[in-house]
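Scroll down for the structure; my scribbles are underneath it.
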Amino acid sequence: MGQFDHPNVVHLEGVVTRGKPVMIVIEYMENGALDAFLRKHDGQFTAIQLVGMLRGIAAGMRYLADMGYVHRDLAARNILVNSNLVCKVSDFGLSRVIEDDADAVYTTTGGKIPVRWTAPEAIQYRKFTSASDVWSYGIVMWEVMSYGERPYWDMSNQDVIKAIEEGYRLPSPMDCPAGLHQLMLDCWQKERGERPKFEQIVGILDKMIRNPNSLKTPMGTCNRPVSPFLDQNTPDFSTFCSVGEWLEAIKMERYKENFSSAGYNSLEAVAGMTINDVISLGISLVGHQKKIMSSIQTMRAQMIHLHGTGIQIYKSAFHKSDSHAKKLRNNTDSTLSSCQSTYAHFFTERVTDMITSSSQDSSAENTTKTHFTSHIPAPSPSIPNLHKLLILLIPQY
């Protein structure tokens, strides 16, 4: 660490060798670890501020890569933040120097690997490069934009490994600009040679900072280029005539009878399902639960987009753990308007069901308020917790 001299790499002040354990002294970083700092200040920063943090981390990693170092444990928990919100790369316990070669590889045997942050080739073959650090950086980007959310939520490490191998990638966090999520996807290219280098990442983020308007369009409302991971196998739900056709398209046809027996005989009914609904069908494999829920989320987003309701779908909310699902952005105002044909009927039915159930349960906490117009009557004092209705559109996961 003593040889590092960069504003985005933590500075070594000294070493304490007297007594045990031997300790190092680093510069004081007032705000501590980035992940905990973001969770503490959830939703309090602008997109420009978050991109500035990401730019600093990328600059620090570019410096390390130029020095010939591979970090191997890049994660928000290993980024420290000072009082000026400057982020600095730290924790070099797993870092190793590699040859002065762009394709140099560091191979290790044994030891634990932070699976959720580690590139597939590093997990499978224990081969680490600057490109595997880029993969980890993409996960850090996701952590920053989700304000410290745990990557892959409550999935086990084995489920994460399998899902990644099958092409699954983390969805866009709430309010994440399209360009940032696309950059994450670029960092998560399966072939390491196709991932951007840190030099390129810094350049991309610099352009975003110089053009703040590029950060104003969240994922749910933009037309972005087709992603090789999220959109390649995403079906167009408007072409399906039945639940069976949809299940076949996502290769989950084995569960046709499960859906049919439970009364889910239309795509409109499926679009309103939550993770608990999926589990209640007897679908026990976590990977299959995730795949089905991911498709349901996309289906719901397509339906809302096609029918112009003006409601924004925050995809990461569907995946949040129970403790975070209840903590959706405060004061989120969504308007349900101009629903047409079967979708208007579908939403109205679900609203009626919730009104009935909400009258029996007035103890719900940590819910998000919304205002409904057009087909939905104004909240009545006699119907407690009517603001829970947003859960119809953003089910807990």
Any donor and acceptor pair, going by atom type alone, linking the side chain of R116 with main-chain N or O of P151 inside 3.5 Å? yes
I want to check something: taking the side chain as every heavy atom from C-beta on, are R210 and K207 in contact at a cut-off of under 4.5 Å? yes
If you round to the nearest 0.5 Å, how far is CG of L12 from OG of S90? 12.0 Å
Quick check: does any side chain N or O of H6 sit under 3.5 Å from a backbone N or O of Y63, one acting as donor and the other as acceptor? no
In sequence, state the C-alpha distance, the side-chain angles, and the governing distance for Y264 and W246, and then conclude on ring-ring contact (aromatic ring centres under 6.0 Å, His included). CA-CA 12 Å; Y264 292 102; W246 163 64; 9.9 Å; no
E143 side chain vs A76 backbone, donor-acceptor pair below 3.5 Å: yes
Closest heavy-atom pair, A163 versus M155, reported as atoms and distance to 0.1 Å, is CB-CE, 3.9 Å
List the steps and the verdict of side chain to side chain contact (heavy atoms under 4.5 Å, CB included) for I123 and I164. CA-CA 11 Å; I123 294 175; I164 292 300; over 6 Å; no
F45 with W142, same ILVMFWY side-chain cluster at under 4.5 Å: yes
Atom pair CG/CH2 of L183 and W188 - distance to nearest 0.5 Å: 9.5 Å
Partner residues of Y255 under the ring pair (Phe, Tyr, Trp, His ring centres under 6.0 Å) criterion, sequence neighbours left out: H288
State, with a plain yes or no, whether a side-chain heavy atom of V89 is found less than 4.5 Å away from one of V10. no
Okay, side chain of Q289, backbone of I283: is any donor-acceptor separation there less than 3.5 Å? yes
Stepwise, does the side chain to side chain contact (heavy atoms under 4.5 Å, CB included) test hold for L205 with L180? CA-CA 9 Å; L205 295 177; L180 282 177; 3.8 Å; yes
Any M184 side-chain heavy atom under 4.5 Å of L170 side chain: no
What closest approach, in Å, do S242 and L267 show between heavy atoms, and which atom pair accounts for it? O-CD2, 3.9 Å
In one Ile/Leu/Val/Met/Phe/Trp/Tyr side-chain cluster, 4.5 Å: M61, V86: no
Looking at S172 and H181, what are the two nearest heavy atoms and their distance? N-NE2, 3.3 Å
Can you see which heavy atom on V140 is nearest to which on A75, and at what distance? CG2-CA, 3.6 Å
Hydrophobic cluster identity match, M252 and I275, side-chain contacts under 4.5 Å: yes
For the pair W117 and D73, evaluate side chain to side chain contact (heavy atoms under 4.5 Å, CB included) and give the outcome as yes or no after the intermediate values. CA-CA 8 Å; W117 288 263; D73 195 17; 5.9 Å; no
Is there a side-chain contact between E166 and Y168 (heavy atoms, below 4.5 Å)? no
N/O donor-acceptor pairs under 3.5 Å from side chains in residues 22-33, not counting sequence neighbours:
unit_1: E27; atom_1: OE1; unit_2: K88; atom_2: NZ; d: 2.9
unit_1: E27; atom_1: OE2; unit_2: H11; atom_2: N; d: 2.8
unit_1: E27; atom_1: OE2; unit_2: K88; atom_2: NZ; d: 3.2
unit_1: E30; atom_1: OE1; unit_2: S83; atom_2: N; d: 2.9
unit_1: N31; atom_1: ND2; unit_2: N82; atom_2: O; d: 2.8

Given the rule in the side chain to side chain contact (heavy atoms under 4.5 Å, CB included) test, do V81 and M53 qualify, once you have shown the distances and angles that lead to the verdict? CA-CA 9 Å; V81 188; M53 295 178 188; 5.6 Å; no
When rounded to the nearest 0.5 angstrom, what is the spacing between CD in Q124 and CD1 in I113? 11.0 Å
For the backbone of F198 and the side chain of R62, can you confirm whether one donor and one acceptor N or O come within less than 3.5 Å of each other? no
Nearest 0.5 Å please: distance from the CD atom of E245 over to the CD atom of E248. 7.0 Å
Do the side chains of D35 and R39 get close enough for a salt bridge, i.e. N-O under 4.0 angstrom? yes
Quick check: does any side chain N or O of Q200 sit under 3.5 Å from a backbone N or O of K197, one acting as donor and the other as acceptor? yes
Check for a donor-acceptor pair, side chain of H41 on one end and backbone N or O of Q44 on the other, with a separation under 3.5 Å. no
Ion pair present between D154 and K290, side-chain N to carboxylate O less than 4.0 angstrom? yes
Could you check if a side-chain atom of F128 sits within less than 4.5 angstrom of a side-chain atom of T118, using non-hydrogen atoms only? yes
Test item: Y137 side-chain N/O and I57 main-chain N/O as donor-acceptor pair under 3.5 Å: no
May I ask you to decide whether E121 forms a salt bridge with K190, counting only side-chain N to carboxylate O separations under 4.0 Å? no
S260 side, atom OG; E257 side, atom CD - distance, nearest 0.5 Å: 5.5 Å
Search all heavy atoms of A271 against all heavy atoms of I296 and return the closest pair with its distance. O-CG2, 4.0 Å
Can you get from L54 to V202 by hopping between Ile, Leu, Val, Met, Phe, Trp and Tyr side chains that sit under 4.5 Å apart? no
What residues, two or more places apart in sequence or in another chain, satisfy side-chain hydrogen bond (donor to acceptor under 3.5 Å, both in side chains) together with W135? none
Nearest 0.5 Å, please: how far is CG in N78 from CG in L74? 7.5 Å
Quick check: does any side chain N or O of R55 sit under 3.5 Å from a backbone N or O of L50, one acting as donor and the other as acceptor? no
Main-chain N/O of L247 paired to K256 side chain as donor or acceptor, under 3.5 Å: no
Of the non-hydrogen atoms in I201 and C187, which two are nearest, and what is the gap between them? CD1-SG, 3.9 Å
Would you say the side chain of M273 lies within less than 4.5 Å of the side chain of I292, judging by non-hydrogen atoms? no
